[in-house]
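In what follows, every heavy atom counts, from backbone to side chain, and hydrogens, waters and symmetry copies are set aside.
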Amino acid sequence: MNSANGSSRRYTVSMSKLQRETLMLLHEQENLTGNGQRFVTPYRTIIRRLQRDPQIFGKKLYTPPALGLDVRQAVLDRIFVDDGVHEERTIVFTRGFKL
């Protein structure tokens, strides 16, 4: 169950060091064009959605049986995120962010 049906279940969002560095570079790039806050606000919303309702945020692409997770993709104000949601372990594995 997720927040959409009344549960307060929260997911842990897992992100690699490389993904964090990529996010910093994207933010710097947006700062140079005057869009730094336009990047930060939707990024924070994306993280909140991944923590609270990852099964309804974005579009489910496929479910690899061996991994036991749903591979999904979402976009919010120009920021794309690819992730995998493991329902049983309540973890979201981010695969990457891009503009």
Study note, to complete from the structure: Tested for side chain to side chain contact (heavy atoms under 4.5 Å, CB included) against Val13, the lone hit among Asp83, Thr94, Ile91 is Thr94
Practice item. Decide side-chain contact (heavy atoms from CB on, under 4.5 Å) for Thr33 and Gln29; before the verdict, give the C-alpha distance in whole Å, the side-chain angles of both, and the deciding distance to 0.1 Å. Key: CA-CA 7 Å; Thr33 62; Gln29 175 184 338; 5.6 Å; no
Exercise for review: Verify, without hydrogens or angle tests, whether Gln73 (side chain) and Leu61 (backbone) share a donor-acceptor contact under 3.5 angstrom.
Suggested key: no
Between [X] and [Y], is there a shared hydrophobic cluster once you connect ILVMFWY residues whose side-chain heavy atoms come closer than 4.5 Å?
X	Y	answer
Met24	Leu99	no
Val71	Phe57	no
Leu76	Leu23	yes

**Study point:** Connected hydrophobic set around Val75, excluding itself, where side chains approach under 4.5 Å
**Key:** Phe80
Point to revise | Approximate separation, where rounding is to 0.5 Å, of Leu50 CG and Arg48 CZ | key: 11.0 Å
Exercise for review: Look up atom CD1 in Ile56 and atom CZ in Arg49, then write down how far apart they are to the nearest 0.5 Å.
Suggested key: 5.5 Å
Exercise for review: Could you walk me through whether Leu25 and Thr22 pass the side-chain contact (heavy atoms from CB on, under 4.5 Å) test, one step at a time?
Suggested key: CA-CA 5 Å; Leu25 291 173; Thr22 299; 5.6 Å; no
Locate the shortest heavy-atom distance separating [X] from [Y]; write the atom from each residue and the value.
X	Y	result
Leu26	Lys98	CD1-CA, 4.2 Å
Ile46	Val81	CG2-CG1, 4.0 Å
Pro42	Ile79	CG-CD1, 3.9 Å
Ala74	Gly58	CB-CA, 3.6 Å
Asn31	Gly36	OD1-CA, 3.1 Å

**Study point:** Test applied, side-chain hydrogen bond (donor to acceptor under 3.5 Å, both in side chains); reference residue, Tyr11; option that passes from Glu87, Gln51, Arg89
**Key:** Glu87
Review point. Does some side-chain heavy atom of Arg72 sit less than 4.5 Å from a side-chain heavy atom of Gln55?
Key: yes
**Study point:** side-chain hydrogen bond (donor to acceptor under 3.5 Å, both in side chains) evaluation trace for Thr41 with Gln37
**Key:** CA-CA 6 Å; Thr41 300; Gln37 193 59 40; 2.9 Å; yes
Exercise for review: Could you walk me through whether Thr63 and Asp70 pass side-chain hydrogen bond (donor to acceptor under 3.5 Å, both in side chains), step by step?
Suggested key: CA-CA 5 Å; Thr63 303; Asp70 293 335; 2.8 Å; yes
Could you list the residues that satisfy side-chain contact (heavy atoms from CB on, under 4.5 Å) with [X], not counting sequence neighbours?
X	value
Arg20	Met15
Glu88	His86
Leu67	Pro64, Leu69

Check your understanding: So which pairs with a foot in residues 13-43 pass ring pair (Phe, Tyr, Trp, His ring centres under 6.0 Å), sequence neighbours left out?
Key -> His27-Phe39, Tyr43-Phe97
Point to revise | Results of salt bridge (charged side-chain N to carboxylate O under 4.0 Å, His left out) for Arg38 - residues two or more places apart only | key: Asp77
